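Heads up, the thing below is written out as structure tokens.
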Amino acid sequence: MLMSDRHSTADQNAVTAPGDGRRDRRLRRAALAATVAAALGLTGAGVANAAGGGARTGTATPTCAAAALKATFGEKLAGGMNHEGVVVRLRNLSGTTCALRGFPGLGLEDSAHRTLTSHTHWGDTWYAANPGKRTLVLEDGESAEAVVAWTHANAGTDDAVHASYLEITPPASTRHKTLAFPEWVDHGDLSVTALARHIDIPR
């Protein structure tokens, strides 16, 4: 009986030995933190911080909602061969930091805000090369811009669309902003670059 008690005590000591117990708990915490971090998409630094217990990890910047943005026209662009264009700006007025990445969606409306047939082409425009998709982190009050271009060679003919408004849908959004746009657009075809901090337009 006494030997049985001694074995029982020894077994308990083996389980609760300070060094082994702390090491096991650290390993378990590190494994759990790594699993959670992988699920959340944290970086390697984030995993290390999580394993340390108590260190703050960063969070992803939220995408700018359409309601948080103000759409305006910037410089109007003209040129030969019936080309026209305009710079579109999306300004963050959310009061917090948010991010935009990629191309805005475009659409045309008539004077009664009915949707008109249109086609949006993402990439280079007649006025500027596409700057490529980049994540733009916008502080409150900061803007991103894109260049929109179209032609109007057939104004007033059957294959031209007479628009009154331009719909601008921010990337990853299902809602759009609307700006007055009294323009003839051949075939309803619009070209637009990706959003950038600033797009240089060759002169």
Side-chain angles (χ1 to χ4, degrees), residues 22-75 77 85-109 115 118-125 127-149 165-179 181 190-201:
R22 284 196 294 270
R23 183 167 59 252
D24 290 344
R25 286 194 293 274
R26 284 198 299 271
L27 291 173
R28 286 196 294 270
R29 282 199 298 268
L32 178 60
T35 301
V36 172
L40 295 176
L42 296 175
T43 63
V47 172
N49 287 338
R56 185 181 177 188
T57 58
T59 56
T61 303
T63 299
C64 299
L69 298 168
K70 180 179 181 179
T72 58
F73 286 135
E75 181 183 1
L77 309 171
V86 69
V87 175
V88 170
R89 292 196 177 94
L90 295 175
R91 185 181 181 193
N92 174 21
L93 295 180
S94 66
T96 60
T97 301
C98 62
L100 291 172
R101 178 183 175 83
F103 296 86
L106 302 176
L108 300 174
E109 297 179 358
T115 301
S118 62
H119 315 279
T120 300
H121 307 278
W122 289 349
D124 296 341
T125 71
Y127 295 98
N130 180 41
K133 293 172 64 173
R134 294 179 176 84
T135 300
L136 308 173
V137 178
L138 304 180
E139 301 288 341
D140 184 46
E142 292 185 331
S143 299
E145 65 183 33
V147 174
V148 179
Y165 298 96
L166 179 68
E167 298 174 353
I168 304 166
T169 305
S173 179
T174 57
R175 297 182 178 273
H176 62 262
K177 318 299 287 187
T178 305
L179 295 176
F181 188 75
L190 299 164
S191 298
V192 64
T193 65
L195 288 163
R197 294 279 185 180
H198 176 72
I199 298 178
D200 291 323
I201 301 171

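This chain uses plain numbering: 1 for the first residue, then up along the sequence. The structure displayed is predicted, hence computed values, not measured ones.
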Point-to-point distance, once rounded to the nearest 0.5 Å, from [atom1] of [X] to [atom2] of [Y]:
X      : Y      : atom1 : atom2 : result
Tyr165 : Leu108 : OH    : CG    : 13.5 Å
Thr72  : Leu90  : OG1   : CG    : 8.0 Å
Leu100 : Cys64  : CG    : SG    : 4.0 Å

Note, [X] side chain near [Y] side chain (heavy atom, < 4.5 Å):
X      : Y      : result
Val88  : Phe73  : yes
Val87  : Ile201 : yes
Ser191 : His121 : yes

Measure across [X] and [Y] and return the closest heavy-atom pair with its distance rounded to 0.1 Å.
X      : Y      : value
Thr97  : Glu139 : OG1-OE1, 2.8 Å
Ile199 : Thr193 : CD1-OG1, 3.1 Å
Ala172 : Thr63  : CB-CG2, 4.1 Å
Leu77  : Tyr127 : O-OH, 3.4 Å
Gly107 : Ser118 : CA-OG, 3.8 Å
Ala146 : Ala194 : CB-O, 4.0 Å

Are side-chain N/O atoms of Glu167 and Thr178 paired as donor and acceptor at under 3.5 Å? no

Can you spot which of Val148, Leu195, Thr169 makes a side-chain contact (heavy atoms from CB on, under 4.5 Å) with Pro104? Leu195

Ionic contact status for Arg197 with Glu145, cut-off 4.0 Å: no

Is a side-chain donor or acceptor of [X] paired with a backbone partner of [Y] at a separation under 3.5 angstrom?
X      : Y     : result
Lys177 : Leu69 : yes
Asp140 : Gly95 : yes
Asn92  : Thr96 : yes

Give the C-alpha distance, both sets of side-chain angles, the deciding distance and a yes or no for side chain to side chain contact (heavy atoms under 4.5 Å, CB included) between Glu75 and Arg89. CA-CA 10 Å; Glu75 181 183 1; Arg89 292 196 177 94; 5.7 Å; no

Take Arg91 and Ser143, measure what side chain to side chain donor-acceptor pair (under 3.5 Å) needs, and give me the verdict at the end. CA-CA 4 Å; Arg91 185 181 181 193; Ser143 299; 4.7 Å; no

For atom CZ of Arg175, is the number of surrounding heavy atoms from other residues, nucleotides or ligands below 6.0 Å larger than 12? no

Give the ring-plane orientation class for Trp122 versus Phe103, where under 30° counts as parallel, over 60° as perpendicular and anything between as tilted. parallel

